[in-house]
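In what follows, a single structure is set out as structure tokens and then discussed.
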Amino acid sequence: MFVTRMNIQENVSLEPYNTFHIDATAKEFVEINSLRDLQQLLKNPEYMAKPTLILGGGSNVLFTKDFEGLVLKINIAGITILREDEAHAWVKAGAGVNWHQFVLHCIRLGYGGIENLSLIPGTVGAAPLQNIGAYGVEIKDTFDSLEAVDRRSGEVKTFYHQDCQFGYRESIFKNELKDQYVITSVTFRLHKKPIINTTYGAIEETLAQMRSHNGSPAVPGIQEVSQAVIQIRQSKLPDPQVIGNAGSFFKNPVISAEKYEQLRQTYEAMPVYQLPGHLVKVPAGWLIEQAGWKGKRIGKVGVHDKQALVLVNHGGGKGEEIKALAYQIKEDVYQKFGIEIMPEVNII
Ligand code: FAD
Ligand code: EPU
């Protein structure tokens, strides 16, 4: 029995809780504001029998149907500096803290390492799940540890870097331990003497423009890098408040150097990133654009006109329609290039 009855609501529209703005319904919905709330809920035998879904900011999920179970919306707050030494600060944030607000907070404190990850939507708690990455940085680069609650026993476990099996948009929580743990906090080891990383994409170019337009300092700091990243992202990616989307719908596929050589005979301009072990990563956005999908609209859903990797809900679209569009794109890319692209978004 519940010691204190938590506020479990019934038949809640998930539209405000996912950035695709899909109007699916959760049979039951509860907001989790603390570790105690969560442990109390897990103790309830009624809960054990129910299908459950953990939700942060809903910026990497696609609902294709109503959810016939209990949605746990994680709101656990709080940012604490655990300790510091000469070079580093260990900063812990609750799983429900907004990721971008966390980045800005760390920048204000002068702590570097996550400024390139500015403006990624969602929560701190979901960030390790797919090892969020952008502009040459992934959270694994500054990740120290996380705390998570075992959904079956209610016990808290600490996972260190080596436990998480981080990869490109991957971690153990998306694979072997899928749906087994609720992440309640994450600790980062940030740099007190930040190392600036401006090598990726248009960061250098944007910083130069910022210098000439508004007199930014000649040597950029973490604040300027963050601003440059924000500017680049705003120029390419649709704002989910305005147009429903979940960022990149697919992951960038990895192919062999031999396969790349074959394709290069036909597609000379195909951009790639070299990886170790005779592998190359191909931007899926390029493949999708070449296949003719960029800016296409099918009813209420479509492909973003500035970034073909982003599928959008123009308003009132259904999750099933986005899934069907994604499937058509995947098939078409495979027909044209012989490359299989896999979704990054969690399809529910
Ligand atoms: P949700 O969408 O709520 O959940 C995602 C998954 O994590 C689900 O499977 C959920 O069950 C699980 N989950 C959520 N919280 C927890 C928890 N506390 N414990 C256990 N499991 C949990 N991603 C990048 O990597 N790089 C980018 O540059 C990037 N750009 C984006 C741009 C836009 C415009 C959008 C909309 C998305 C972008 N994303 C990007 C994807 C998204 O922002 C990230 O995946 C983010 O980490 C998702 O956080 P969330 O809280 O919204 O997670
Ligand atoms: N490209 C095209 N057409 C397009 C889109 C991209 O030709 O419509 C080409 C670009 O010209 C460029 C290359 O593809 O040569 C890469 O494009 P971009 O720099 O925009 O990055 P991306 O590979 O499409 C990845 C991440 C993003 C992340 C950016 C910046 C994945 C799946 N996506 O996108 O992450 O913000 O790099 O680092 O790895 C997300 O995960 O949701 C996400 C937005």
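Just so it is clear, the structure is predicted and the values come from calculations on it, not from any experiment. Read the numbers this way: they start at 1 and go in the same order the structure lists the ligands and their atoms.
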Close approach, Q290 and ligand 2, non-hydrogen under 4.0 angstrom: no

for atom 45 (O) of ligand 1, nearest protein heavy atom and its distance come out as Q130 NE2, 2.9 Å

So which protein heavy atom does atom 19 (O) of ligand 2 come closest to, and at what separation? K236 NZ, 3.5 Å

Which is it for F250 and ligand 2 at heavy atoms under 4.0 Å: side chain, backbone, both or neither? backbone

Numbering the atoms of ligand 2 from 1, which are under 4.0 Å from a heavy atom of Y168? 31 (C), 32 (C), 39 (O)

Under 3.5 Å between some N or O of ligand 2 and some N or O of K294? yes

Sub-4.0 Å heavy-atom approach of F249 to ligand 2: no

Taking a cutoff of less than 4.0 Å between a non-hydrogen atom of the residue and any ligand atom, is Y181 in contact with ligand 1? yes

Quick one: does E138 get within less than 4.0 Å of ligand 1, heavy atoms only? no

With heavy atoms only and a cut-off of under 4.0 Å, state how E289 meets ligand 2: side chain, backbone, both or neither. side chain

Strictly below 4.0 Å, N to O, side chains only: are K300 and E321 in salt-bridge contact? no

Atom 44 (C) of ligand 2: the protein heavy-atom neighbour that sits closest, reported with distance to 0.1 Å: S248 OG, 3.2 Å

Starting from atom 13 (N) of ligand 1, locate the nearest protein heavy atom and write down its residue, its atom name and how far away it is, to 0.1 Å. I54 O, 4.1 Å

List in chain and number order the residues that pass side chain to side chain donor-acceptor pair (under 3.5 Å) with K92, two or more places apart in sequence or in another chain; answer none if no residue qualifies. E147

Give the residue, atom name and distance (to 0.1 Å) of the protein heavy atom nearest atom 25 (C) of ligand 2. N252 ND2, 4.2 Å

Look at ligand 2 and say whether R169 reaches it with a heavy atom at a distance under 4.0 Å. yes

So, does Y273 sit close enough to ligand 2 that a heavy atom of it is under 4.0 Å from the ligand? yes

